[in-house]
Colleague: 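Sharing a structure below in structure tokens format, with a few things to ask.
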2 protein chains.
Amino acid sequence: MRREEILRATAHLIEEHGIALLRVADVAVELDVSPALVVYHFQTKDALIAEALTWAAQQDLDRLALATGGEGSSRDRLFAALAWYAPTGSERGWRLWIENWAAGLREPALRQVGRELDLVWKESLTEIIQAGVAEGDFVTADARGAAWRITALLDGLAVQAIVHRGVVGREQLTAWSMQAVAAELGLDASLLSPGTP
Amino acid sequence: MRREEILRATAHLIEEHGIALLRVADVAVELDVSPALVVYHFQTKDALIAEALTWAAQQDLDRLALATGGEGSSRDRLFAALAWYAPTGSERGWRLWIENWAAGLREPALRQVGRELDLVWKESLTEIIQAGVAEGDFVTADARGAAWRITALLDGLAVQAIVHRGVVGREQLTAWSMQAVAAELGLDASLLSPGTP
DNA sequence: CCAGTAACTGACTGATCAGTCAGTTATTCA
DNA sequence: TGAATAACTGACTGATCAGTCAGTTACTGG
């Protein structure tokens, strides 16, 4: 469907140049159609932006479900989830979501999109942690709190990794993430990579 | 000096409406001068924005120096620093710096402003931690790492506190911050408020 | 008190762009 | 097949705004 191609192109352009610099004409050029077509489908630029971010959030959630839905151990599912989320891995749409934080300060509709994605992520992480605790893999008295603290740390590290790229190395960021996760979940340092027996 | 009034007004408007919506005319209205005067002093809007953020960063650094420069114990200096930085306290220019993260993705000049502030903050925090370790108040093998991890956590919590205001309570955010700081620096939970013997 | 300079203004312009509109092409389905 | 509808276009317009410019007012030091 054409609408979806437009959303994908829009999300891509926002990722690349930011919400502020997005022009309807650029989206049209990207798809080799007329600007009027973009307006025909979305009426206003603001609606286009909102839908593009919603679409991107849905894409992210689909990939999260895929990453964490496997039948492996809690440890494996945890590492899959972290690999997806952490700014040191395949890097999902981090730039998009940092944009979204700023835009969300003024636009409740955009804020809501990011918030929902954020909450679903934390819920998934909490669920994995709880499963791990039940199976005896992890130790924590507060799965939800651990999920929030881990997420906050990863968000903060993401700012370093994405905005201040190069100030500190990827390995360092990964090490800090893993250290925090290990501390929260009572893992020992030797268990910091997936697949270890 | 007039330049500084303009910078203050600009920073204030960015804080309120974001960089994207800043108009030269609004800055002029704020000060009851003509738009041409603003251009006279700063030549371009981009230069104005860059200088306003630099000015705001300098203000922040001055306040940081004030907060941490006291002659108290390491513990007191640490708490003063955290009270200044953490999004649960007096809230400095958090909205401004979240804006800056997004803007910094595209504009190296703006990225640099935020980066410098960030690095000075971490340096101050590291210095306080090292002093505390020397005095036997704190225990950590890696003061710099601790400072980075604490900062990352606080940045992540700031996104929750400022962008997603209301999803989780202030007391909760404070508790998590303090818990993380205590864990990093080998404090016990009873030492989580300043002034405790 | 006056010359030189800094601060400031009002009126303007040129570029940019979201969104409109009247019409054309493609698709569907009865 | 043909009528109805959806997808699409080119040409346009109206609003917005950063930045210009030719001047005026205020300040400062000699």
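In what follows, every chain begins at residue 1, and chains take the letters A, B, ... in the order their sequences are listed. Just so it is clear, the values below take in all heavy atoms, side chains as well, and ignore hydrogens, waters and symmetry mates.
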Colleague: Specify the separation, in whole Å, of atom CG of Asp46(B) and atom P of dC17(D).
Modeller: 16 Å
Colleague: Can you tell me the distance, in whole Å, between the CZ atom of Phe42(B) and the C1' atom of dA6(C)?
Modeller: 15 Å
Colleague: Using atom CZ of Arg23(B) as one end and atom C1' of dT16(C) as the other, report the distance to the nearest whole Å.
Modeller: 16 Å
Colleague: Tell me whether the OP1 or OP2 atom of dC8(D) has a side-chain N or O from Tyr40(A) closer than 4.0 Å.
Modeller: no
Colleague: Checking ring-ring contact (aromatic ring centres under 6.0 Å, His included) for the pair Trp97(B)/Trp121(B): CA distance, chi angles, key distance, verdict?
Modeller: CA-CA 13 Å; Trp97(B) 302 117; Trp121(B) 153 252; over 10 Å; no
Colleague: Evaluate the criterion side-chain hydrogen bond (donor to acceptor under 3.5 Å, both in side chains) for residue pair Tyr85(B) and Asp155(B); output intermediate values, then yes/no.
Modeller: CA-CA 9 Å; Tyr85(B) 190 89; Asp155(B) 285 352; 2.4 Å; yes
Colleague: Is there a side-chain contact between Val159(B) and Trp94(B), using heavy atoms and a 4.5 Å cut-off?
Modeller: no
Colleague: Does OP1 or OP2 of dC8(C) have a side-chain N or O of His41(B) closer than 4.0 Å?
Modeller: yes
Colleague: Thr44(A) has a side chain; which of dG19(C), dC8(D), dA18(D) sits nearest to it?
Modeller: dG19(C)
Colleague: If I take atom NZ in residue Lys45(A) and atom P in nucleotide dA18(C), what distance separates them, rounded to the nearest angstrom?
Modeller: 5 Å
Colleague: Look at Arg2(B) and dC8(C) and indicate whether a side-chain polar atom (N or O) is within less than 4.0 Å of OP1 or OP2.
Modeller: yes
Colleague: Could you tell me how far apart Leu37(A) (CG) and dA18(C) (P) are, to the nearest whole angstrom?
Modeller: 15 Å
Colleague: Would you indicate whether the side-chain heavy atoms of Asp118(A) and Thr151(A) approach each other to under 4.5 Å?
Modeller: yes
Colleague: Salt bridge (charged side-chain N to carboxylate O under 4.0 Å, His left out), that's the test. Do Glu127(A) and Arg77(A) meet it? Break it down for me.
Modeller: CA-CA 10 Å; Glu127(A) 182 268 312; Arg77(A) 291 176 66 220; 3.0 Å; yes
Colleague: Base, sugar-phosphate alone, or nothing: which one does Leu48(B) contact when heavy atoms must sit under 4.0 Å apart?
Modeller: nothing
Colleague: Give the rounded distance in Å between these two atoms: CD1 of Ile6(B) and C1' of dT9(C).
Modeller: 13 Å
Colleague: Is Glu16(A) salt-bridged to Arg95(A), cutoff N-O under 4.0 Å?
Modeller: no
Colleague: Quick check on contacts: within residues 24-35 of chain B, what sits under 4.0 Å from DNA chain C by heavy-atom distance?
Modeller: Val33(B), Ser34(B)
Colleague: Do Gln172(A) and Trp148(B) make a side-chain contact, defined as non-hydrogen atoms from C-beta onward lying under 4.5 Å apart?
Modeller: no
Colleague: Within this structure, what is the CD1-to-P distance between Ile49(B) and dC17(D), rounded to whole angstrom?
Modeller: 13 Å
Colleague: Taking His164(A)'s backbone N and O only, do any of them form a donor-acceptor pair with Arg111(B)'s side chain (distance below 3.5 Å, no angle check)?
Modeller: no
Colleague: dA18(D) P sits how many Å from Leu21(B) CG, rounded?
Modeller: 11 Å
Colleague: Evaluate the salt bridge (charged side-chain N to carboxylate O under 4.0 Å, His left out) criterion for residues Arg8(B) and Glu5(B): first the C-alpha distance (whole Å), next the side-chain angles of each, then the deciding distance (0.1 Å), finally the verdict.
Modeller: CA-CA 5 Å; Arg8(B) 168 179 284 114; Glu5(B) 287 176 56; over 6 Å; no
Colleague: Once each nucleotide of nucleotides 20-28 of chain C is scored for protein heavy atoms under 4.0 Å, what B/S/- sequence comes out, 5' to 3'?
Modeller: B--------
